[in-house]
Chemist: 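Next up is a structure, given as structure tokens.
Note: hydrogens, waters and symmetry copies are ignored here, and every other heavy atom, side chains too, is used. Start at 1 with the first residue, then count along the sequence. Since the model is a prediction, treat every value here as computed from it, not as a measurement.
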Amino acid sequence: MIVAYKSGLVEKYTELGKRVWATRVTTQAVQLHSALLVARILWLGCSDGSLRLVDAGSGRPHSQWRAHTLPVKSLAVMGTTVYSLAKDGSIRGWPAVQPPPPAAAQAWKEGARMSLRHHQLRVVAGTWNVNSTRPSPRSLYDWLGCHADEGVDLVCVGLQEVEIGTSSVATDAVRNIINRAALEKGNANAQWWSEQLLSALGGPEMFTRVALRQMSGILMITFCRNALVPHVGEVATSSVACGLLGVAGNKGAAAISLSLYRRRLIFLSSHFAAHLEKLEERNADYTKIMRCLRFENTSASASTNPKAIAVGHAGILSAEDEPVAVECAEVPQPGFNSSAESMCPGMGDAEAVVWMGDFNYRLSATYEWTVSRAEAGAFAELLTVDQLRTEMGRGAIFHSLCEGPLLFAPTYKFDKGVPASELRPLPYDSSDKKRVPAWTDRILWRGTLPPPPGSAASSSREEDVSVSLFTDGLDAVTTPTTGNGGLSRSSSSSSALANMWGGAGSSALSGLAYGAAMGVCDSDHKPVWCKLQLQLPAHVQQQKRRMSEQVLNDIRKELCPRAAPRLTLHIESTQPIMSHQVPDDVPTLVLKRDEVEEVLIQNPGPAPVLMSAIGDGRRLPLWLEVQPTSCLVPPRGSVRFTLQAAAPDGACQGLGGGAAALRAQEVILRVWGQHLTSLGRGSGQPSHPLHYRSQSETMQPLLLRVQSLYY
């Protein structure tokens with residue numbers, strides 16, 4: 001009997017209650033949700049979505065891999081396939097024999113590579129601290145709308161200070177407790193911004209809003225081109241408050257998670273602590289967001305990058321409407337921690353992240369020197385005193401993220417509503433405070449995280465998602481594309497807007513991929529934009545499922561031939577025994593107290609056979625311990641199982657004296673063999689070895705008379 005506890009502890013006991021072994025298979029943060037014994041291997045479904053396999057005979061870990069995003073709630077075996085059911089309803093299948101045949105695993109990899117297509121998408125990200133103003137349509141066009149006619153597929157917009165004041169913070173706190181759905185709908189301010197931004201991008205005939213998340217004055221909105229909508233799914237939103245007392249929503253992050261072609265992307269809008277001297281507070285805001293951000297469709301314990309999960313053997317996955325993949329061995333070095341993202345439940349398993357916001361990192365310099373360097377275009381000198389680059393350089397913040405070159409003037413703090421002039425080309429703060437200009441508004445990004453150093457990950461990373469700055473040569477890239485090949489690149493609406501505004505837009509920065517709309521003066525911050533190209537490999541799901549089904553069928557045929565299973569029994573003992581080759585003779589094995597005898601079971605056939613040992617009435621007697629009672633005998637291989645009399649102290653005296661003391665306990669042990677296809681057919685439960693479905697799966701049991709004498 002095997003007992004698996006939710007805490008991750010697994011124990012094995014004999015029928016008399018003697019503990020054989022105990023092992024802990026998970027960390028404290030990961031719980032067990034399901035268990036299934038298949039032959040000699042114990043399958044365990046975990047809260048982080050992983051499957052962990054344990055050798056039922058010894059208790060040693062066998063292998064593990066990331067099977068789902070959410071907890072694995074149930075496991076079932078049918079034929080040669082083990083199916084796992086996750087909390088989100090996804091079902092995936094794995095070969096019951098681990099590791100699967102090498103030829104099958106290689107065939108799966110080659111077939112999966114043939115179903116892979118590389119989608120090439122264009123993304124525009126924008127961030128703006130609007131200082132509680134509602135800008136004109138012209139300002140929105142100059143900021144983002146002028147990019148919509150460039151074949152953009154995704155637009156992600158982060159806003160800060162959409163509204164300010166204690167009433168906004170209090171209202172957000174109440175909604176977060178009572179009606180969280182309202183945070184995804186947004187209040188009147190959020191709705192206004194959503195409508196105006198959609199209009200600036202060309203209207204609903206070109207783009208669709210796929211998600212919105214508001215936290216007080218912080219707003220995150222994502223739009224996608226209409227033809228791309230069918231490929232978007234698994235949308236979820238979240239937020240982390242870092243304001244007053246660590247709970248106010250005026251500072252923190254609002255985030256959106258979605259899948260595009262089944263690859264998970266995350267977009268964040270943040271507002272960190274203000275003022276030059278609050279550097280540590282800003283770093284603390286980053287740390288809290290990384291620690292606390294999570295989405296409802298992501299496991300709370302899935303804090304490890306999937307590439308860092310150790311996988312002992314390959315597994316073939318196949319399910320309706322689910323991706324299919326071979327999980328390859330990737331074993332991290334002890335103590336490996338690639339970045340803070342490895343501890344973030346929300347972002348650790350994202351394929352791409354775009355993080356924008358008013359991070360409030362300042363320039364550690366004087367007002368006069370900063371303004372003079374900015375007006376002279378000496379941005380390289382200003383970068384030497386940029387707090388964000390300094391903190392990134394020492395590994396304190398934004399691990400694994402990238403930023404484009406800063407070839408535009410600092411975007412804060414300007415005189416609100418004052419346009420540039422010959423006398424003041426950069427009208428920075430002229431008040432008594434004269435706040436030092438800074439690049440407070442930034443956009444950072446990353447693609448798929450690299451595998452841990454020293455891992456056994458495949459050298460080919462053709463399935464990795466990459467994010468980079470947009471280049472003019474994007475159209476010349478010859479990577480084959482599907483899916484978005486049919487996307488409409490019509491830009492009639494955007495062209496009409498360009499004509500309306502005279503095509504001005506950001507022509508001065510038209511050659512840049514990362515810039516600011518310096519002509520927009522509605523706020524004391526300048527809006528920032530970034531044009532990215534997203535290389536997104538994805539599989540054609542129908543083609544991949546067909547291939548996967550074929551591989552699983554090939555495994556079944558290889559493991560389950562038409563001939564009935566055959567097993568032979570040999571007693572490894574110095575005692576004289578009768579030959580098992582005589583049909584009417586049953587070999588006898590006498591067990592003496594405190595002695596252990598071994599029996600060898602051999603499988604001369606070409607396929608593995610599941611061996612089960614039972615006694616009279618389908619159960620073993622209490623006085624007999626057999627280890628193991630079932631196991632998988634490999635093709636043309638053998639296994640040993642042990643027998644021991646388990647008489648309690650005083651049993652001999654209880655028999656009385658004289659001839660009674662010599663009386664033996666006796667049982668006829670039956671050893672059955674069956675092919676894996678007889679497991680769980682139709683019911684999802686393992687069939688009893690006495691109940692067979694066809695003659696090709698049955699065999700006559702091997703018989704062994706076992707006696708015990710207590711002297």
Side-chain angles (χ1 to χ4, degrees), residues 118-128 142-158 201 222-225 228 260 263 265-270 339 341 347 350-359 361 377 379-380 382-383 386 388-389 392-393 397-411 439-450 461 464-479 481 484 489 494 505-518 526-537:
H118 293 267
H119 303 275
Q120 200 163 254
L121 307 174
R122 302 182 183 184
V123 181
V124 168
T127 181
W128 192 6
D142 287 351
W143 172 33
L144 295 175
C146 59
H147 305 298
D149 59 350
E150 298 176 357
V152 173
D153 299 296
L154 282 171
V155 179
C156 47
V157 184
L201 295 173
T222 302
F223 303 90
C224 77
R225 194 170 290 272
L228 201 63
L260 180 59
R263 310 304 295 270
L265 316 177
I266 292 181
F267 307 99
L268 299 96
S269 171
S270 285
S339 71
E341 291 197 40
M347 283 193 285
E351 298 285 359
V353 174
V354 181
W355 197 339
M356 64 210 78
D358 176 6
F359 299 117
Y361 285 96
F379 304 139
L382 294 177
L383 276 175
D386 177 53
L388 188 144
R389 290 290 179 93
M392 286 184 67
I397 56 173
F398 298 121
H399 304 274
S400 305
L401 272 69
C402 305
E403 186 185 23
L406 290 168
L407 302 178
F408 53 93
T411 56
W439 284 293
T440 59
D441 311 283
R442 315 285 274 266
I443 299 174
L444 303 99
W445 68 87
R446 71 156 173 84
T448 301
L449 289 172
R461 302 186 62 191
D464 285 0
V465 175
S466 66
V467 184
S468 59
L469 285 177
F470 174 82
T471 61
D472 292 336
L474 182 61
D475 291 333
V477 177
T478 57
T479 305
T481 61
N484 69 327
R489 297 295 185 181
S494 293
S506 54
S507 58
L509 297 173
S510 59
L512 296 180
Y514 187 29
M518 302 303 291
K526 299 299 182 182
V528 174
W529 48 266
C530 184
K531 294 188 287 187
L532 301 169
Q533 53 188 13
L534 182 66
Q535 300 284 354
L536 199 149

Chemist: Would you say L201 and V124 make side-chain contact, with heavy atoms under 4.5 Å?
Modeler: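 With C-beta onward as the side chain, the pair stays apart.
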Chemist: Between R122 and H147, is any pair of side-chain heavy atoms under 4.5 Å apart?
Modeler: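 No; the side chains remain at least 4.5 Å from each other.
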Chemist: For residues D153 and L534, determine if any side-chain heavy atom of one lies less than 4.5 Å from a side-chain heavy atom of the other.
Modeler: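 No. Closest side-chain heavy atoms not under 4.5 Å.
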Chemist: For V467 and G447, work out which heavy atoms get closest and say how close.
Modeler: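 Residues V467 and G447, closest heavy atoms: CG2-CA, 4.0 Å.
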Chemist: SG/C402 to CD1/I443 distance, rounded to the nearest 0.5 angstrom?
Modeler: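 Spacing of SG (C402) from CD1 (I443) equals 14.0 Å.
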Chemist: Side chains of I397 and Y361, heavy atoms from C-beta outward: is any pair under 4.5 Å?
Modeler: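 Contact flag for I397/Y361 side chains = yes.
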Chemist: Is the W143 ring parallel, tilted or perpendicular to the W128 ring (thresholds 30°, 60°)?
Modeler: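 Correct class here is perpendicular.
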Chemist: If every non-hydrogen atom of M356 is compared with every non-hydrogen atom of G126, which pair is closest and at what distance?
Modeler: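 It is SD-O, 3.4 Å.
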Chemist: Ignoring hydrogens and geometry, is there a side-chain-to-backbone donor-acceptor pair from T448 to V465 under 3.5 Å?
Modeler: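 Side chain of T448 to backbone of V465: a pair is present.
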Chemist: Going from CG on L532 to CG on L154, what distance comes out if it is rounded to the nearest 0.5 angstrom?
Modeler: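 It comes to 10.5 Å.
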Chemist: Quick one: CG on L512 to SG on C530, what's the gap to the nearest 0.5 Å?
Modeler: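 L512 atom CG to C530 atom SG measures 10.5 Å (nearest 0.5 Å).
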Chemist: Check whether any side-chain heavy atom of L144 sits under 4.5 Å from a side-chain heavy atom of W529, and report yes or no.
Modeler: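 In contact.
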Chemist: Would you say that K526 contacts F408 through its side chain, given a criterion of any heavy-atom pair below 4.5 Å between the two side chains?
Modeler: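 They are not in side-chain contact.
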Chemist: Please name the pair of heavy atoms, one in G151 and one in R225, separated by the smallest distance, quoted to 0.1 Å.
Modeler: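 Scanning both residues, the minimum pair turns out to be C-NH2, 3.6 Å.
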Chemist: Going through the distances and angles, do L406 and R442 end up as a side chain to side chain contact (heavy atoms under 4.5 Å, CB included)?
Modeler: CA-CA 9 Å; L406 290 168; R442 315 285 274 266; 3.5 Å; yes
Chemist: Once rounded to the nearest 0.5 Å, what's the spacing between atom OG1 of T127 and atom CG of L444?
Modeler: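 Here the rounded value is 10.5 Å.
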Chemist: Where do L469 and W445 come nearest, in terms of heavy atoms and distance?
Modeler: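 Heavy atoms only, the tightest pair is CD2-CH2, 3.5 Å.
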Chemist: Using the side chain to side chain contact (heavy atoms under 4.5 Å, CB included) rule, take F398 and E403 through it: C-alpha gap first, then chi angles, then the decisive distance, then the call.
Modeler: CA-CA 10 Å; F398 298 121; E403 186 185 23; over 6 Å; no
Chemist: Distance check, rounded to the nearest 0.5 Å: D386 atom CG versus T440 atom OG1?
Modeler: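 Between atom CG of D386 and atom OG1 of T440 there are 10.5 Å.
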Chemist: Which pair of non-hydrogen atoms, one from P405 and one from Y514, has the smallest distance, and what is that distance?
Modeler: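 So the minimum-distance heavy-atom pair works out to O-CD2, 3.6 Å.
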Chemist: List the atom of S400, the atom of R446, and the distance in Å for their closest heavy-atom pair.
Modeler: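 Answer, listing the atom of S400 first, then R446: O-CB, 3.3 Å.
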Chemist: Taking the side chain as every heavy atom from C-beta outward, state whether H119 and L260 have any pair of such atoms under 4.5 Å apart.
Modeler: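 When only atoms from C-beta onward are counted, L260 and H119 do not touch, as no gap falls below 4.5 Å.
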Chemist: Using a 4.5 Å cut-off on heavy atoms from C-beta on, say whether the side chain of L388 contacts that of W439.
Modeler: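 Side chain of W439 against side chain of L388, heavy atoms only: no contact under 4.5 Å found.
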